[in-house]
Structure formats: C-alpha cells, structure tokens
Colleague: 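Submitted below is the structure of interest, expressed as structure tokens.
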Amino acid sequence: QVQLVESGGGLVQSGGSLRLSCAASRSTFDTYSMAWFRQGPGKERESVAAVSRGGSATYYSDSVKGRFTISRDNAKNTVFLQMNSLKPEETAVYYCAARSGATNWGIRTNYAYWGQGTQVTVSS
C-alpha cells in the first residue's frame, strides 16, 4: 500500500500558474504509474494527466494539453503537476493517484491509491 499527500494548491488569478506536488510513502514508488485527477464543484472527477513509471511517457486530457506538465522524481518519491494559464473553470480539488498498471490511464477506477486532494481556486 502507498500513501499519497498532495500540496501546492491555493488561490490564483485567471492566467496564473501553480505547481502541485504529491509525495508518496513507499520506496517502491517507481513501480507505480501516477496520475492527477480533479473534481470541480458539482462535477464528476476527471482525469488531467498521467506519467509512466520511469517518467518517459506522459498523457494529458485535451483540455490541459499545452498548458499543464506532469513529471516525477523517483529519487524523491514525488510527482508534480505544473499548471499554467489557469482558467476559472479549472477550480477544483486536485487528486494524486497511483496504480500498478499502465494502460487506460484516464479511467478513475484503474487507480488503487488516492491522496486527500488539494484545493485549487482560480479567480476571474
């Protein structure tokens, strides 16, 4: 089992940037594919981005391509999400998730481990 703790959320103006971090508890961090999801008010949780175990492959939802960057540092058991040009509609709780598999990265039920989430609020 792995515990995940997100940080870096906060209040930012439209067009601004934030960098989220997710620290994992296990030294076998590099055996997990990692992803970020988000859930806005009254909305379902949706996939944002994912990164492969070694960090060489990344995946993004169409809505964030070109603005968000996911990365990981396996030496520090941490995954990051750099978010640029943020929009008010991206106000949400952002969750970090981990899984052992590698396919169908955007499917929420494929992830066994979840953090508690960090709030991101984008003001207009």
Side-chain angles (χ1 to χ4, degrees):
Q1 192 161 352
V2 58
Q3 279 77 48
L4 304 172
V5 179
E6 301 96 335
S7 62
L11 175 64
V12 64
Q13 288 188 334
S14 179
S17 298
L18 279 176
R19 188 191 196 207
L20 305 182
S21 299
C22 172
S25 62
R26 291 198 67 167
S27 60
T28 54
F29 176 69
D30 60 358
T31 65
Y32 295 93
S33 300
M34 301 297 297
W36 288 94
F37 286 73
R38 65 188 178 190
Q39 187 166 12
K43 299 180 180 178
E44 291 192 357
R45 195 170 299 188
E46 63 175 357
S47 58
V48 176
V51 62
S52 61
R53 298 180 189 93
S56 61
T58 55
Y59 311 90
Y60 298 94
S61 66
D62 288 343
S63 62
V64 307
K65 268 180 194 173
R67 299 185 298 116
F68 289 17
T69 302
I70 189 170
S71 61
R72 65 190 296 164
D73 184 340
N74 286 345
K76 296 182 178 180
N77 293 355
T78 304
V79 62
F80 305 97
L81 184 68
Q82 176 67 43
M83 305 185 294
N84 298 327
S85 302
L86 281 160
K87 306 173 183 178
E89 56 265 36
E90 294 180 308
T91 292
V93 177
Y94 283 70
Y95 297 91
C96 174
R99 60 175 294 196
S100 299
T103 59
N104 299 320
W105 72 271
I107 299 176
R108 182 182 63 189
T109 53
N110 283 345
Y111 292 83
Y113 307 106
W114 292 83
Q116 293 300 306
T118 184
Q119 176 71 45
V120 172
T121 303
V122 185
S123 64
S124 57

Colleague: Taking Asn84 for its side chain and Thr69 for its backbone only, find out whether a donor-acceptor pair lies under 3.5 Å.
Modeller: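 Looks like no, no N/O pair under 3.5 Å.
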Colleague: Applying side chain to side chain contact (heavy atoms under 4.5 Å, CB included) to Met83 and Val122, what does each step give before you reach the verdict?
Modeller: CA-CA 11 Å; Met83 305 185 294; Val122 185; over 6 Å; no
Colleague: Nearest 0.5 Å, please: how far is SG in Cys22 from OH in Tyr94?
Modeller: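 Interatomic distance, Tyr94 OH to Cys22 SG, rounded to 0.5 Å: 15.0 Å.
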Colleague: Give a yes or no on whether the backbone of Cys96 and the side-chain of Glu6 come within a donor-acceptor separation of less than 3.5 Å.
Modeller: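 Confirmed, Glu6 side chain pairs with Cys96 backbone.
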Colleague: Any link between Met34 and Phe80 through a network of hydrophobic side chains (Ile, Leu, Val, Met, Phe, Trp, Tyr) touching at under 4.5 Å?
Modeller: no
Colleague: Looking only at atom types and distance, does a side-chain atom of Arg53 sit under 3.5 Å from a main-chain N or O of Thr31, one as donor and one as acceptor?
Modeller: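 Checking the backbone N and O of Thr31 against the side chain of Arg53, a donor-acceptor pair under 3.5 Å is found.
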Colleague: Using a cut-off of 6.0 Å, state whether more than 12 heavy atoms not belonging to Gln119 lie near its atom CD.
Modeller: yes
Colleague: So Ser33 and Trp105, do their side chains get closer than 4.5 Å, heavy atoms only?
Modeller: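 No - every pair of side-chain heavy atoms lies 4.5 Å or more apart.
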Colleague: Could you grab the distance from atom CZ of Arg38 to atom OG1 of Thr91, nearest 0.5 Å is fine?
Modeller: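 The CZ atom of Arg38 sits 9.5 Å away from the OG1 atom of Thr91.
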Colleague: Report yes if some heavy atom in the side chain of Phe68 is under 4.5 Å from a heavy atom in the side chain of Ser61; otherwise report no.
Modeller: no
Colleague: How far does OG1 of Thr28 sit from CG of Asn77, to the nearest 0.5 angstrom?
Modeller: 8.0 Å
Colleague: Mind telling me whether Tyr32 and Tyr113 have parallel, tilted or perpendicular rings, with 30° and 60° as the class edges?
Modeller: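 Judged by the thresholds at 30° and 60°, the geometry between Tyr113 and Tyr32 is perpendicular.
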Colleague: Cation over ring, Arg108 on Phe37, under 6.0 Å and within 45°?
Modeller: no
Colleague: Under 4.5 Å between side-chain heavy atoms, hopping through other hydrophobics if needed: is there a path connecting Leu81 to Val93?
Modeller: no
Colleague: Return yes if some donor-acceptor pair links the side-chain N/O of Asn110 with the main-chain N/O of Asn104 below 3.5 Å, else return no.
Modeller: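 Checking the backbone N and O of Asn104 against the side chain of Asn110, a donor-acceptor pair under 3.5 Å is found.
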Colleague: Check for me whether Arg99 meets the cation-pi criterion with Tyr111, that is, NZ or CZ under 6.0 Å from the six-membered ring centre and within 45 degrees of the ring axis.
Modeller: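 Checked: cation-pi criterion met.
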Colleague: Closest heavy-atom contact between Ser14 and Pro88?
Modeller: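 Closest pair (atom of Ser14, atom of Pro88, distance): OG-CD, 3.6 Å.
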Colleague: If I take atom CG from residue Leu4 and atom OG1 from residue Thr78, how far apart are they, to the nearest 0.5 angstrom?
Modeller: 10.5 Å
Colleague: Considering the options Leu18, Val120, Thr121, Val64, which one meets the side chain to side chain contact (heavy atoms under 4.5 Å, CB included) requirement together with Glu90?
Modeller: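 Among Leu18, Val120, Thr121, Val64, the one meeting side chain to side chain contact (heavy atoms under 4.5 Å, CB included) with Glu90 is Val64.
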Colleague: Provide the closest heavy-atom pair for Tyr95 versus Gly115 in the form atom of the first, atom of the second, distance.
Modeller: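 That closest heavy-atom pairing would be CD2-O, 3.6 Å.
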Colleague: Minimum heavy-atom separation for Trp36 and Ser21, please, with both atom names.
Modeller: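 Residues Trp36 and Ser21, closest heavy atoms: CH2-O, 3.6 Å.
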Colleague: Using every non-hydrogen atom in the two residues, find where Ala50 and Ile70 come nearest and quote the distance to one decimal.
Modeller: O-CG2, 3.4 Å
Colleague: What are the two closest non-hydrogen atoms of Leu11 and Ser123, and how far apart are they?
Modeller: CD1-CB, 4.2 Å
Colleague: For Val51, does its backbone N or O pair with a side-chain atom of Thr58 as donor and acceptor, under 3.5 Å?
Modeller: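 Judged by distance alone, no pair lies under 3.5 Å.
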Colleague: Would the number of heavy atoms belonging to other residues, nucleotides or ligands and lying under 6.0 Å from CD of Glu46 be above 12?
Modeller: yes
Colleague: How close do Leu86 and Arg67 get, counting heavy atoms only, and between which atoms?
Modeller: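 Heavy atoms only, the tightest pair is CA-NH1, 4.1 Å.
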Colleague: Using atom types as modelled and distance alone, determine if a side-chain donor or acceptor of Arg72 lies under 3.5 Å from a backbone N or O of Ser52.
Modeller: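 Yes: the side chain of Arg72 pairs with the backbone of Ser52.
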